[in-house]
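Accompanying notes for the structure given below.
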Amino acid sequence: MNREFRLYNTLTKKVEPLSLIEPGHLRFYSCGPTVYSYAHIGNFRSFLTADLILRTAQALGWKTTYVTNITDVGHLTNDDMIDASGEDRMASALQSSAGERFANVWDLSRHYSAALQSDWQTLNLLEPDVRPRATEHIREQIQTIERLLSCGAAYQTSSGVYFSVESFADYGKLSGNKAAESLELAVRDVVVDPEKKDPRDFALWKKDADHLMQWHSPWGWGFPGWHIECSVMAQAYLGDEIDLHAGGEDLIFPHHECEIAQSEALTGRPFSRHWAHTRFLQVEGQKMSKRLGNFLTVKDLVHERGVPPLAVRLALISGQYRKPFNFTFATLRDSERHVKRFREAFRLAKEAHDRGAEGSSTIAETLKNRHQAVLNALLDDLNTPAAIAQALGGVRTILQSRNQLGVHAYSFMNHVSDLLGVVPQTADLRNQSLRMALGVGKPEGSIPKNDVPQNSRIEELIQARTVARNARDFATADKIRDELLKMNIVIEDSASGTSWHKKSNI
RNA sequence: GGUGACGUGGCCGAGUGGCUAGGCAGAGGCCUGCAAAGCCUUGUACGGCGGUUCGAAUCCGCCCGUCACCUCCA
């Protein structure tokens, strides 16, 4: 079957099939964050877009080479500032109250990049083939700048090296920001390097012997401009011409526009065939900001508020990446419920598989169709809401036909898991809080703190309630249940006994 | 001022010239000692005004509203 993977291309403003330079092999670069604080859910919405693209490509049987960087150079908050001793994001993070514990910017970036990778795993994102760091590619960046200078695309001033936008006719083809005037129109109260030839020109190298991070270059001590690192690292690991480049919508301009200018000025070939950008999310209808107190990180949600990580993941992909998305706690609660259904369906399917059940052929057919529908939805510009609806349709089939399941159900759940990454796979996660406290299995849910004594107390109460129920003393049994509820413990009776879970506080 | 996106039922969110998206919440039922979970049934819709058409939520125009980028941001 011939299958196209259709994605919106920012460059052509159309949804079009990914066309690969080498058939069957996707070369893909996704812009990672600057590690000056904990990554927030908005960062992860964007990383999840890349993750889903990767999973979909792999489901098509494509080979993938996936590179996503870590920006660990503290770039200036404004490219035009001549006073380079001024604000730099990592330097200001170091001076903030959260930054006090770090010895220096290197220590700070190490801490936050470790945190990023931990959150990455928590949300079940696939590992990239390479995760390069800007600071480990300074030499290549310097070499690239030298080449840009020698081919006339860049020039030097007393404060740095700039890319000459005038020398690159296609500047603006990605963002539509072609007019130099539009950049001048914007009111700016910053100092502009008076030696710049064109206001659109951007820095490739900043000369600064006082900057917290600095390297030696042919132009003296200093540090590279923001845009050059991605051009250099993409080329180093993926070649001059790549298939797909992704990032958040804010990167369209200036970052990606500048990357195109640098790379194409150098090679004379298209830098990336396809560009995919993820829209910003809002939180409860408002722009996410520290000031409004709605600045959510994975760390807050999972480790402080006890939200199951896969519920966070599901909530973040419940809207299509290209549409405005409003992240709400109501969505998060829905997602938590759905993750439970996925888990239960997986458990039933695995049971059927383990006992080698053949199951109903009608159900096998239904699930096979559902699986195709999930994949088709993703192939259609990553239509995650439709894909999730199809996956839940299959889950419903499994839950309502639990006695007729066979290996096909297990296969369906594994396909869904591979595609969407929202299926908890630990064999039996009932009483998971207890299991975690006892160090059994890998936690999928909340992380209780120092809970072992509390957990044995819960088990005692449940046992007492079972005794009361067996004696048909329901008054006592209900009293115990109320007591547990006050401890934020919800119980469920079933044929195989009573299980419990913590009420998440969202 | 420039560029782009979006407005679907109580809520979140697909779809798209005639054919049920899905979920959450609500209502009724099955199950249960009672709950919870699960299962079954179920109502409500396409921002406004024009136009094209046999027929438009779906195409076109205008208007209203929301958001984003152009300045650090995923």
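Order of the sequence lines fixes the chain letters, A, B, ..., with proteins taken first and strands second; residue numbering starts at 1 for each chain. Computed over heavy atoms, backbone and side chain alike; hydrogens, waters and symmetry mates excluded.
When distances are taken from the side chain of A:N326 to each of B:rA74, B:rG13, B:rG23, the shortest belongs to B:rG13. Between B:rA14, B:rC70, B:rC72, one nucleotide has an atom nearer to the side chain of A:F253 than all others, and that is B:rC70. Across B:rC72, B:rG23, B:rG33, the shortest atom-to-atom separation from the side chain of A:W226 is found for B:rC72. In this structure, of B:rC40, B:rA14, B:rA74, it is B:rA14 that holds the atom nearest to the side chain of A:P385. Between B:rG33, B:rA25, B:rA36, one nucleotide has an atom nearer to the side chain of A:R337 than all others, and that is B:rA25. Listed nucleotides B:rG33, B:rC73, B:rG7 differ in distance to A:K287; the shortest reach to its side chain belongs to B:rC73. Among the nucleotides B:rC39, B:rC67, B:rA14, the one closest to the side chain of A:R341 is B:rC39. Listed nucleotides: B:rG38, B:rA5, B:rA36. Nearest to the side chain of A:E492: B:rA36. With B:rA68, B:rC69, B:rG23 as the candidates, the nucleotide lying closest to the side chain of A:D250 is B:rC69. Between B:rA35, B:rG33, B:rA68, one nucleotide has an atom nearer to the side chain of A:E249 than all others, and that is B:rA68.
Residue A:D478 places a side-chain atom within donor-acceptor reach of the base of B:rG33, judged by atom type and a 3.5 Å distance cut-off alone. Between the side chain of A:R279 and the base of B:rC67, a donor-acceptor pair under 3.5 Å is found. With hydrogens and angles left out, the side chain of A:R45 and the base of B:rA74 share no donor-acceptor pair within 3.5 Å.
One finds a side-chain N or O of A:N383 lying less than 4.0 angstrom from the OP1 or OP2 phosphate oxygen of B:rG15.
Within the 4.0 angstrom heavy-atom criterion, only backbone atoms of the sugar-phosphate kind lie near A:Q320; the bases stay farther away. Nucleic acid contact for A:L251: sugar-phosphate only, since backbone atoms but no base atoms lie under 4.0 Å from a heavy atom of the residue. Using a 4.0 Å heavy-atom distance criterion, A:G247 is classed as a sugar-phosphate-only contact. Here A:R465 lies in heavy-atom contact (under 4.0 Å) with a base. Using a 4.0 Å heavy-atom criterion, one finds that A:T278 contacts no nucleic acid atom at all. Across all strands, A:K13 comes closer than 4.0 Å only to sugar-phosphate atoms, never to a base (heavy-atom distances). Backbone-only contact: A:H338 has heavy atoms under 4.0 Å from sugar-phosphate atoms and none from a base. Using a 4.0 Å heavy-atom criterion, one finds that A:I388 contacts no nucleic acid atom at all. Looking at heavy-atom distances under 4.0 Å, A:S175 makes contact with sugar-phosphate atoms alone, never a base.
Annotation for A:K14: atom NZ does not count as buried by contact number, only 12 or fewer foreign heavy atoms lying within 6.0 Å. Counting non-hydrogen atoms of other residues, nucleotides and ligands closer than 6.0 Å to CD of A:Q400 gives a total above 12. The environment of A:E284 atom CD is dense: over 12 non-hydrogen atoms of other residues, nucleotides or ligands sit within 6.0 angstrom.
Here the P atom of nucleotide B:rC69 and the CG atom of A:L174 are 16 Å apart, to the nearest Å. Going from atom CZ of A:F280 over to atom C1' of B:rA74 covers 6 Å, rounded to whole Å. Between the P atom of B:rG4 and the CG atom of A:N9 lies a distance of 15 Å, rounded to the nearest Å. Between the C1' atom of B:rC12 and the CD atom of A:E284 lies a distance of 11 Å, rounded to the nearest Å. Summarising the geometry, the separation between CZ on A:R396 and C1' on B:rC39 is reported as 8 Å, rounded to the nearest angstrom. Counting to the nearest Å, the P atom of B:rC12 and the CG atom of A:L316 are 17 Å from each other.
With hydrogens and angles disregarded, a donor-acceptor distance shorter than 3.5 Å links the side chain of A:N383 to the backbone of A:A386.
Using the six-membered ring where Trp is involved, A:F327 and A:F325 have ring planes that are perpendicular, over 60° apart on the 30 and 60° scheme. Using cut-offs of 30° and 60° for the angle between ring planes, the A:H255 and A:W226 rings count as parallel.
B:rG18 and B:rC59 have their C1' atoms separated by 15 Å, given to the nearest Å. When the C1' atom is compared between B:rC72 and B:rC64, the two are found 33 Å apart, to the nearest whole Å.
Two residues, A:R322 and A:M288, neighbour RNA chain B, and the one matched to the more 5' nucleotide by heavy-atom proximity is A:R322.
Figure legend. B:rG7 is base-paired to B:rC64; pairs are counted as Watson-Crick or G-U wobble with both atom distances under 3.5 Å. The partner of B:rU42 is B:rG26, judged by Watson-Crick or G-U wobble contacts that both fall below 3.5 Å.
The existence of a salt bridge linking A:R465 and A:D493 is confirmed by a sub-4.0 Å separation between a basic side-chain nitrogen and an acidic carboxylate oxygen.
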